[in-house]
Amino acid sequence: MASPRLETYCCPNRDAATQLVMSFQPEVFCGVCIGSASVSVLLTVLQLLPKKGQILRKMPKASSSSTILLLISVCDILGGLGVIFRSGVWLGFPGFIANISVANVTDMWPSAFCVGSAMWIQLLYSAGFWWLFCYAVDSYLVVRRSAGLSTIVLYHMMAWGLAVLLCVEGVALLYYPSLSSCEKGLEHAIPHYITTYAPLLLVLVVNPILFRRTVSAVASLLKGRQGIYTENERRLGTEIQMRFFKIMLVFIVCWSSNIVNESLLFYLEMQPDINEMPLKNIRSAALITWIIMGILNPMQGFLFTLAFYGWTGCRVDLKWQKREIPWESMSSSTVGENAYPSPVNYQTNLHDPKKLSTTDSQQTDEAISMLSEGSDASTVEIYLSSKLYGLNGNEADVNWKAVEGMSR
């Protein structure tokens, strides 16, 4: 699980609230973390592996949205492996871990392990939060037709750069002036907690707003294509809305316990003595949410793959298959057989309203297809709607999108 208390525990003069949760049934807690993280990592990898009978898609380039979804899963897998490693060492080498509890200047390996493993977990999950925020931004920009392949470079800079910056800054302030003599006091630890929870709160507050605006923009986009809003398009808009809802539902379920737990521990830290009887219920609630965090935090990876792609099955295909190189198929195919939409010549179509309308419809289909990628019905709906409107020469391109959707 990911909590700023993991880094705080590395200080010999840690606060009483951190000592309370970290010393509560450590064997049980580490066992829960290992079990939850192991199940999540294995199922996430199973979800991402190619399956038998799955048709390889012909695409000139991967959309930024599909790349972001994959990177979110990668962050969850690596973060889960960090949880397994840290909890395994905690269970397997209790004498090694005991040296963290005292200021030991002769043996720095226990402290180095404590800080390194905690930073690894925080960094990967924080990067996952930033990638999830980038996904919401990219979904909105795709509908507004303002996103392209180049934006993925900016997303990499923002997600990895901000994750590393906030993680390093928070830890540097927490361990000032040195790891063996951390300054004691709530005011000293607050910057570290802010840098940890800032990306989480950003996703919790901003992503629903961006998703809501994206859904509204999708509806306007579908209406503007031919001026009407059919049942097929309404169903497609609802499907995209449900995907966004599932993503936020998974996020809230997996991380709301962290916010509750941190609020309770923060309240306990402000008390002169956290062992007083009137605070018994608060201590119990903090310990219960601490165990819940160990279960739900690592499970985010698998639950996200269910929200992204649904259940992909267990029939894994490990045989290596040669992927068709896009430019080879483009050079060897005729216009009617080409699986890729040809570049739009705006100068040629400048005075041809019919061609411009067809081009806009193509771009609309591509944007909706990227947003609903992973769904079995999304691109089929695009095909049905486009067929009814009669897109003439470009029906083959849209038909390919329908085949692509059924093969997922």
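- Here the shortest heavy-atom pairing between Thr214 and Ser139 reads CG2-O, 3.7 Å.
- Counting heavy atoms from C-beta on, the side chains of Pro298 and Ser36 come closer than 4.5 Å.
- Between the Thr289 side chain and the Ala286 main chain, a donor and an acceptor come within less than 3.5 Å of each other.
- Shown are Leu296, Leu204, Asn297; of these, the side chain to side chain contact (heavy atoms under 4.5 Å, CB included) with Trp255 is made only by Asn297.
- The two residues Arg5 and Ala17 have their closest heavy-atom pair at NH1-CB, 4.2 Å.
- More than 12 non-hydrogen atoms from other residues, nucleotides or ligands lie less than 6.0 angstrom from CZ of Phe96.
- The distance from the OG atom of Ser257 to the CG atom of Leu264 is 11.0 Å, given to the nearest 0.5 Å.
- The distance between the ring centers of Phe24 and Trp290 does not fall below 6.0 angstrom.
- One finds the CD atom of Glu269 at 4.0 Å from the CG atom of Asp15 (value rounded to the nearest 0.5 Å).
- Annotation: Met270, atom CE; neighbour count of heavy atoms from other residues, nucleotides and ligands within 6.0 Å is above 12.
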Side chain to side chain contact (heavy atoms under 4.5 Å, CB included) evaluation trace for Tyr155 with Phe133: CA-CA 10 Å; Tyr155 295 151; Phe133 172 71; over 6 Å; no
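- Note that the CG atom of Leu287 and the CG atom of Leu265 stand 8.5 Å from one another [nearest 0.5 Å].
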Worked verdict on Val260 versus Ile292 for side chain to side chain contact (heavy atoms under 4.5 Å, CB included): CA-CA 11 Å; Val260 174; Ile292 293 175; over 6 Å; no
Just list the side-chain donor-acceptor pairs under 3.5 Å for residues 41-49, sequence neighbours left out, or say none.
residue	atom	partner	partner atom	Å
Thr44	OG1	Ser40	O	2.6
Thr44	OG1	Phe302	N	3.0
Gln47	OE1	Thr312	N	3.0
Gln47	OE1	Thr312	OG1	2.9
Gln47	NE2	Thr305	OG1	3.4
Gln47	NE2	Gly310	O	2.8

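- Residue Arg14 holds its CZ atom at 12.5 Å from CG of Leu20, rounded to the nearest 0.5 Å.
- By the 4.5 Å heavy-atom criterion applied to side chains, Gln271 and Tyr267 are counted as neighbours.
- Side-chain atoms of Asn258 and Glu262, non-hydrogen and from C-beta on, never get closer than 4.5 Å to each other.
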Candidate pair Asn281 and Ser284, rule side chain to side chain donor-acceptor pair (under 3.5 Å), full reasoning: CA-CA 5 Å; Asn281 292 335; Ser284 300; 5.3 Å; no
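- Gln19 places a side-chain heavy atom less than 4.5 Å from the side chain of Tyr9.
- Tyr175 and Cys10 make their closest contact through OH-CB, 3.5 Å (heavy atoms, listed as atom of the first residue, atom of the second, distance).
- One distance of note links CE of Met299 with CG of Asp76; it measures 11.0 Å at 0.5 Å rounding.
- Ring centers of Trp120 and Tyr125: at least 6.0 Å apart, outside the cut-off.
- At most 12 non-hydrogen atoms from other residues, nucleotides or ligands lie less than 6.0 angstrom from CH2 of Trp109.
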Steps toward side chain to side chain contact (heavy atoms under 4.5 Å, CB included) verdict (Glu7, Val115): CA-CA 6 Å; Glu7 289 95 346; Val115 175; 5.9 Å; no
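- In this structure, the side chains of Ile282 and Leu279 come closer than 4.5 Å at one or more pairs of heavy atoms.
- Contact annotation: the side chain of His192 never approaches that of Leu173 to less than 4.5 Å [non-hydrogen atoms, C-beta and beyond].
- With rounding to the nearest 0.5 Å, the separation of CG in Leu210 from SG in Cys134 is 11.0 Å.
- For His156 and Trp131, the gap between ring centers is short of 6.0 Å.
- Taking both residues in full, the closest heavy atoms of Ser65 and Asp138 are given as OG-OD2, 2.6 Å, listed atom of the first, atom of the second, then distance.
- In this structure, Cys254 and Leu303 have side chains that are in contact, with non-hydrogen atoms separated by less than 4.5 Å.
- Using bins of under 30°, 30° to 60° and over 60° for the plane-to-plane angle, the ring pair Phe304/Phe308 lands in the parallel bin.
- With a 4.5 Å cut-off on side-chain heavy atoms, Ile247 and Leu132 count as touching.
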Kindly list each side-chain donor-acceptor pair under 3.5 angstrom involving residues 77-91, sequence neighbours excluded, with atom names and distances?
residue	atom	partner	partner atom	Å
Arg86	NH1	Cys114	O	3.1
Arg86	NH1	Ser117	OG	2.6
Ser87	OG	Val83	O	3.0

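- Of all non-hydrogen atoms in Cys314 and Trp311, the two that sit nearest each other are SG-CZ2, 3.3 Å.
- Residues Phe129 and Phe251 bring their aromatic ring centres within 6.0 Å.
- Closest non-hydrogen pair, Gln122 versus Cys167, comes out as NE2-CA, 3.9 Å.
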Evaluation steps, side chain to side chain contact (heavy atoms under 4.5 Å, CB included), between Val215 and Val218: CA-CA 5 Å; Val215 171; Val218 166; 5.6 Å; no
